[in-house]
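In what follows, chains are A, B, ... by sequence order, proteins preceding strands, each numbered from 1.
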There are 2 protein chains.
Amino acid sequence: MSEVESFFKSAFSVDNVIFGFDGGDLKVLLIQRGAAPFRGKWALPGDLVYPNEDLDTAAERVLEQLTGLRGVYLEQVRTFGAVDRHPLGRVITIAYFSLIKVSDFALTPASFAQSAHWHSISDVGELAFDHNEILDICLQRLQRKVRNAPVGFELLPQKFTLTELQQLYESVLNLPKNKGLDKRNFRKKILSMNVLVECEEMQEGVAHRPAKLYQFDRERYDQFVAEGFSFDI
Amino acid sequence: MSEVESFFKSAFSVDNVIFGFDGGDLKVLLIQRGAAPFRGKWALPGDLVYPNEDLDTAAERVLEQLTGLRGVYLEQVRTFGAVDRHPLGRVITIAYFSLIKVSDFALTPASFAQSAHWHSISDVGELAFDHNEILDICLQRLQRKVRNAPVGFELLPQKFTLTELQQLYESVLNLPKNKGLDKRNFRKKILSMNVLVECEEMQEGVAHRPAKLYQFDRERYDQFVAEGFSFDI
DNA sequence: GGGGTTTGGTGTAAAAAAAACAATAAGACT
DNA sequence: AGTCTTATTGTTTTTTTTACACCAAACCCC
């Protein structure tokens with residue numbers, strides 16, 4: 001095999017770190033591999049990129065095949081390309097993370113997985129390939145991103161309470177519940193940005209005083225940015 | 001050709017956005033391509049990744065072949081993989097940026113370039129491939145990075161004056177000279193971090209009061225971080 | 001060697017932002 | 001009615017950021 005040909009004995013894949021939040025811990029969606037290598041092991045959902053497919057498209061496809069969701073938040077994070085990272089050949093992988101609303105999630109039987117389950121971030125065991133490292137880096141990226149861009153809302157239902165929003169931040173940033181962030185200061189800050197609108201409705205079905213529901217308003221956010229302010233928690 | 005084989009009719013390259021600073025504008029090192037496609041056009045230095053080569057290693061190699069430098073600051077930024085980005089086939093590229101001290105730079109005749117020259121960031125014309133987009137993204141990354149990590153020093157000689165440091169920030173962040181940052185506040189801030197040490201020497205050969213020279217001290221920086229502070233300009 | 005020119009170096013006060021902190025209100029349940 | 005649980009709201013203090021102007025040191029030129 002000539003050297004030039006050998007350049008083409010390689011492939012690239014995408015792997016997707018799918019985050020979710022259910023009110024408790026931050027979660028990541030993992031699959032149990034149905035094929036070698038690492039058959040039976042937990043891994044990030046991913047696939048080889050088709051020859052005629054853009055990278056972002058491939059990441060969207062992987063996400064949709066697994067969850068049935070389209071149009072959710074997706075961001076490229078980094079490419080992992082250690083020579084020996086894949087036991088069967090030279091395969092580099094472009095890592096993405098996505099943020100989905102757990103309530104929207106409908107498990108679709110995906111060809112590449114025996115099963116898929118949410119795992120608490122703090123309770124992820126040893127994963128296939130270099131997926132622990134990928135998960136780490138993506139989590140760090142999310143932690144930075146959530147603090148200076150309004151992406152946290154992607155993890156919550158459309159209507160949410162301020163307490164839920166605060167708990168989301170505490171989970172993502174791994175802060176102690178109701179200790180990490182001061183409730184009054186948090187509310188003051190987020191409301192002062194004017195990017196939330198109060199819904200008519202209240203929280204229902206709780207055994208205590210119900211909270212007001214809010215929605216994120218992208219138009220207001222765009223205006224906030226246009227005025228030269230920057231989102232910062 | 002089977003579908004599986006077609007996955008391997010693809011390659012990946014690295015492209016390197018090499019930044020430099022000479023006291024005036026921020027500069028980027030571009031090559032004039034010596035081979036098709038885009039022969040004669042200005043482009044980012046880059047090369048295919050060897051089959052047995054890690055991505056970071058490939059980026060270091062490209063940098064060394066062009067500049068003779070090793071061990072300089074290098075950071076992966078993003079992977080660009082639009083299907084049609086390379087006219088000769090499916091080639092995705094992993095973009096890096098590196099920061100070098102222009103004074104260390106010794107041009108080495110590199111096989112892949114007819115010539116290499118520094119271009120002012122504000123004066124880069126149309127580049128080969130999608131390199132304008134890559135340059136844009138890398139510049140944005142540098143602008144963010146320089147504000148919250150001590151990477152600016154990588155662009156300056158080992159010993160520098162505070163004015164030079166300020167001018168560096170103003171160039172990278174594209175602020176008006178001596179207007180964007182307040183001299184007194186800038187000095188106060190950077191000195192309060194305690195990451196610079198004053199040299200014995202003074203600036204020489206200038207037709208005005210000579211300035212004190214400073215050096216960045218990584219140990220002090222590590223301690224600064226260990227104490228829970230974060231670098232922030 | 002004196003005056004002009006150029007950049008280097010320094011502190012304080014006002015404003016804004018962040019942090020600390022606790023009591024009342026609303027509804028569910030018994 | 002009383003208890004329980006979470007929701008909601010403002011003020012004070014501290015810290016950080018901004019705004020702002022004058023003298024000092026070296027060189028140059030006459």
Any heavy-atom pair between the side chains of B:Ile121 and B:Val172 that's under 4.5 Å?
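B:Val172 vs B:Ile121: side chains apart.
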
Going by heavy atoms in the side chains, are B:Gln215 and B:Asp217 under 4.5 Å from each other?
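Not touching, per the 4.5 Å side-chain cut-off.
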
Using heavy atoms to find the nearest nucleotide of DNA chain C for A:Ala207 and A:Lys189 separately, return the residue whose nucleotide is more 5′.
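Checking each residue's closest nucleotide, the 5'-ward one belongs to A:Lys189.
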
Pair B:Glu170 + B:Lys179, salt bridge at N-O below 4.0 Å
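A salt bridge is absent here (no side-chain N lies under 4.0 Å from a carboxylate O).
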
Could you state the [atom1]-[atom2] distance from [X] to [N], rounded to the nearest angstrom?
{"X": "A:Gln167", "N": "D:dA7", "atom1": "CD", "atom2": "C1'", "value": "12 Å"}
{"X": "A:Leu191", "N": "D:dG10", "atom1": "CG", "atom2": "P", "value": "12 Å"}
{"X": "A:Leu181", "N": "C:dA18", "atom1": "CG", "atom2": "P", "value": "13 Å"}
{"X": "B:Gln203", "N": "C:dG8", "atom1": "CD", "atom2": "P", "value": "7 Å"}
{"X": "B:Gln166", "N": "C:dG9", "atom1": "CD", "atom2": "P", "value": "12 Å"}
{"X": "A:Ile190", "N": "C:dA18", "atom1": "CD1", "atom2": "C1'", "value": "16 Å"}
{"X": "A:Met202", "N": "D:dA7", "atom1": "CE", "atom2": "C1'", "value": "9 Å"}
{"X": "A:Glu164", "N": "D:dT6", "atom1": "CD", "atom2": "P", "value": "13 Å"}

What's the closest nucleotide to the [X] side chain, out of [options]?
{"X": "B:Pro210", "options": "D:dA7, D:dT11, D:dA26", "result": "D:dA26"}
{"X": "A:Lys188", "options": "C:dC29, C:dA19, C:dC21", "result": "C:dA19"}
{"X": "B:Asn185", "options": "C:dG11, C:dG8, D:dA26", "result": "C:dG11"}
{"X": "B:Lys183", "options": "D:dT6, D:dT8, C:dG8", "result": "C:dG8"}

Between the base of [N] and the side chain of [X], is there a donor and acceptor pair under 3.5 angstrom?
{"X": "B:Lys212", "N": "C:dT7", "answer": "no"}
{"X": "A:Arg184", "N": "D:dA7", "answer": "no"}
{"X": "B:Arg209", "N": "D:dA25", "answer": "no"}

Report which part of the nucleic acid A:Thr163 touches: base, sugar-phosphate, or nothing (heavy-atom distance under 4.0 Å, all strands).
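Contact class for A:Thr163: sugar-phosphate only.
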
Report, as yes or no, whether the 6.0 Å neighbourhood of atom CD on B:Gln143 holds more than 12 heavy atoms from other residues, nucleotides or ligands.
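Counting neighbours around CD of B:Gln143, more than 12 heavy atoms of other residues, nucleotides or ligands fall under 6.0 Å, so yes.
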
Is the shortest side-chain N/O distance from B:Arg187 to OP1 or OP2 of C:dG9 below 4.0 Å?
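Answer is yes, contact under 4.0 Å.
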
Distance-only polar pair, side chains of B:Glu219 and B:Gln223, donor-acceptor under 3.5 Å
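Note: B:Glu219 and B:Gln223 side chains miss the donor-acceptor criterion.
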
